[in-house]
A.B. asks: 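What follows is a structure written as structure tokens; I'll ask about it next.
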2 protein chains.
Amino acid sequence: MAEKRYHHGNLKECLIEAGIDLINEEGEKHFSLRRVAALCGVTNAAPYSHFNSKEELLNAMQNYVTNQFTAELKKSIKDEDLDSPTAIIKLGKCYVMFFIRNPQYFDFLFSQSSVRVDLNMNDDGANNYPPFELLRKLTFRVFGKMGLPQEEIKDIVISEWATVHGLAAIATMKGISYDHDWEQKIEDIIVHE
Amino acid sequence: MAEKRYHHGNLKECLIEAGIDLINEEGEKHFSLRRVAALCGVTNAAPYSHFNSKEELLNAMQNYVTNQFTAELKKSIKDEDLDSPTAIIKLGKCYVMFFIRNPQYFDFLFSQSSVRVDLNMNDDGANNYPPFELLRKLTFRVFGKMGLPQEEIKDIVISEWATVHGLAAIATMKGISYDHDWEQKIEDIIVHE
DNA sequence: AACTCTATCTTGACAGTGTAAAGATTCAAG
DNA sequence: CTTGAATCTTTACACTGTCAAGATAGAGTT
């Protein structure tokens, strides 16, 4: 039982994590600034010392989850041969399975999200959405080695992202019934391209 | 100037259409029952004569838009040869372009939506999400004629849906920059499979 | 034509929300 | 020890979804 102090000491991070917990347990619908504040043992307006609005806290929470997502994606290709197509398949499978394991996160991350991506792929992709950037770099590496022209690879990148993102969207829809093993089926579908 | 009558006469439909207008103009964020009621020239609690909750009105609005979406999809393959793969491409292109023309609708229809789909495709698909059902029937028709086994066609259906749904999701993200012609690119990507 | 029933809309209230302003408390630097 | 900045509380306001009670109007019956 932590003693009740005037200064919380770690409120900013506590708000972010409590907010994510709240979304996991009750859904974004029942999320509110005041409830998150209460969960951290703090009053109404305390969050405004760290965030200028509810939306800013939600953005911070999205970044937190996105970092977690990106870390898992990176780990999924850690021991793979980065010049082989199997790495792309591993990455795509991880993309979908992350949201099958955490269905709440899909809507949370992508509905009214601040994902930034240059689909023209002209610049260095520095401020692109990190999961997309992982997929983009890996795909250019693999298909570049195979001698495919840049423009064709661009189409492949978009196609790959659409496939895995679409599969994640479908798999996490609330009214979906599916008896089979997603992990297996996803691999079949990705490989089949 | 409609005279101010106690009974609106057409409130239910008026609420649905005014609600959709509100979402188109200000986004789901600023949608509220009271504002929609005001737009229809009616007070706070009037909507409760036609809907038991805010969520019920939102569902009705989603159905309204989904019907519009389904009608456009049907029209897109009206003059096509339903045994040819080109029909599938037309349908898929229409799926994506609908949301590129109406970006607000993607989040509105699919975030926390009540889409119902049996991906096992065992029953007759009677209460499946209509746009999916269009794609499913058409695909079984085309690839059935080509002699492909049922299980393989099932995978193709899911893959097709994931692709067009994913493309729509990506194309309607707020932070996406893309200089080329979506309609052309989408066709390339769908055909390439 | 008068009456009644029912669907529809209004009024007023309540708890919960995001947010702003003003004040209280603590901590760290000088 | 003092002072200033950072952090948290208190209070207040407008807005929200929802409910209960009452007002109104139209449709059907007699």
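Being a predicted model, the structure only gives us computed values, none of them experimental. Values reported hereafter were calculated over all heavy atoms of this structure, with side chains retained and with hydrogens, waters and symmetry mates removed. Residue numbering restarts at 1 for every chain, and letters A, B, ... go by the order of the sequence lines.
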A.B. asks: What's the CG-P distance between A/Leu11 and D/dC8, to the nearest Å?
C.D. replies: 5 Å
A.B. asks: Any pair with a residue in residues 171-193 of chain B that passes ring-ring contact (aromatic ring centres under 6.0 Å, His included), sequence neighbours left out, goes on the list, sorted by first then second residue, please.
C.D. replies: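 ring-ring contact (aromatic ring centres under 6.0 Å, His included) check on residues 171-193 of chain B returns B/Tyr178-B/His180, B/Tyr178-B/Trp182.
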A.B. asks: Nearest of D/dT9, C/dT19, C/dT17 to any side-chain atom of A/Leu33?
C.D. replies: C/dT19
A.B. asks: Quick one: bend of the helix from C/dA1-D/dT30 to C/dG30-D/dC1 from 5 pairs per end, to 10°?
C.D. replies: 0°
A.B. asks: Rounded to whole angstroms, how far apart are CZ on B/Phe31 and C1' on D/dC15?
C.D. replies: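 B/Phe31 atom CZ is separated from D/dC15 atom C1' by 15 Å.
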A.B. asks: Can you tell which of A/Tyr64, A/Phe99, A/Phe108 makes a ring pair (Phe, Tyr, Trp, His ring centres under 6.0 Å) with A/Phe69?
C.D. replies: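 That would be A/Phe99; it is the only one of A/Tyr64, A/Phe99, A/Phe108 passing the ring pair (Phe, Tyr, Trp, His ring centres under 6.0 Å) with A/Phe69.
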A.B. asks: Hey, which of B/Val164, B/Ile189, B/Thr163 is the one that makes side-chain contact (heavy atoms from CB on, under 4.5 Å) with B/Val96?
C.D. replies: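 Going through B/Val164, B/Ile189, B/Thr163 one by one, the side-chain contact (heavy atoms from CB on, under 4.5 Å) with B/Val96 is satisfied by B/Val164 alone.
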A.B. asks: Donor-acceptor pair, A/Glu56 side chain versus A/Asn52 backbone, under 3.5 Å?
C.D. replies: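 Yes; judged by distance alone, with no hydrogens or angles, the pair exists.
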A.B. asks: Does anything in residues 47-57 of chain B come within less than 4.0 Å of DNA chain C? Heavy atoms only, and list the residues if so.
C.D. replies: B/Ser49, B/His50
A.B. asks: For A/Asn10 and C/dT26, give me the distance from atom CG to atom C1', rounded to whole Å.
C.D. replies: 17 Å
A.B. asks: May I ask you to decide if the ring planes of B/Tyr105 and B/Phe98 are parallel, tilted or perpendicular, using 30° and 60° as cut-offs?
C.D. replies: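 Parallel.
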A.B. asks: How long is the gap from CZ on A/Phe140 to NZ on A/Lys145, to the nearest 0.5 Å?
C.D. replies: 15.0 Å
A.B. asks: What does the list of N/O pairs under 3.5 Å between the protein and nucleotides 10-14 of chain D look like, with a distance for each?
C.D. replies:
none

A.B. asks: Taking the side chain as every heavy atom from C-beta outward, state whether B/Gln62 and B/Ser114 have any pair of such atoms under 4.5 Å apart.
C.D. replies: yes
A.B. asks: Using a cut-off of 6.0 Å, state whether more than 12 heavy atoms not belonging to B/Lys93 lie near its atom NZ.
C.D. replies: yes
A.B. asks: A/Asn59 and A/Glu55: side-chain donor and acceptor closer than 3.5 Å?
C.D. replies: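 Side-chain D/A pair, A/Asn59 to A/Glu55: absent.
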A.B. asks: With no hydrogens and no angle check, just 3.5 Å: does a side-chain donor-acceptor pair link B/Thr139 and B/Glu160?
C.D. replies: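 Their side chains do contain a donor-acceptor pair, which is all the 3.5 Å distance test asks for.
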A.B. asks: Would you mind writing out the side-chain donor-acceptor pairs for residues 125-133 of chain A within the sub-3.5 Å range, not counting sequence neighbours?
C.D. replies:
from	atom 1	to	atom 2	distance (Å)
A/Asn128	OD1	A/Asp118	N	3.0
A/Asn128	ND2	A/Glu133	OE1	3.1
A/Glu133	OE1	A/Arg136	NE	3.3
A/Glu133	OE2	A/Arg136	NE	3.0
A/Glu133	OE2	A/Arg136	NH2	2.5

A.B. asks: Under 30°, 30 to 60°, or over 60°: which ring-plane class applies to A/Phe110 and A/His165, parallel, tilted or perpendicular?
C.D. replies: perpendicular
A.B. asks: Are the charged groups of A/Glu72 and A/Arg101 less than 4.0 angstrom apart, N to O?
C.D. replies: yes
A.B. asks: Residues of residues 17-29 of chain A with any non-hydrogen atom less than 4.0 angstrom from an atom of DNA chain C: list those, numerically ordered, please.
C.D. replies: none
A.B. asks: To the nearest angstrom, how far is B/His30 atom NE2 from C/dT19 atom P?
C.D. replies: 10 Å
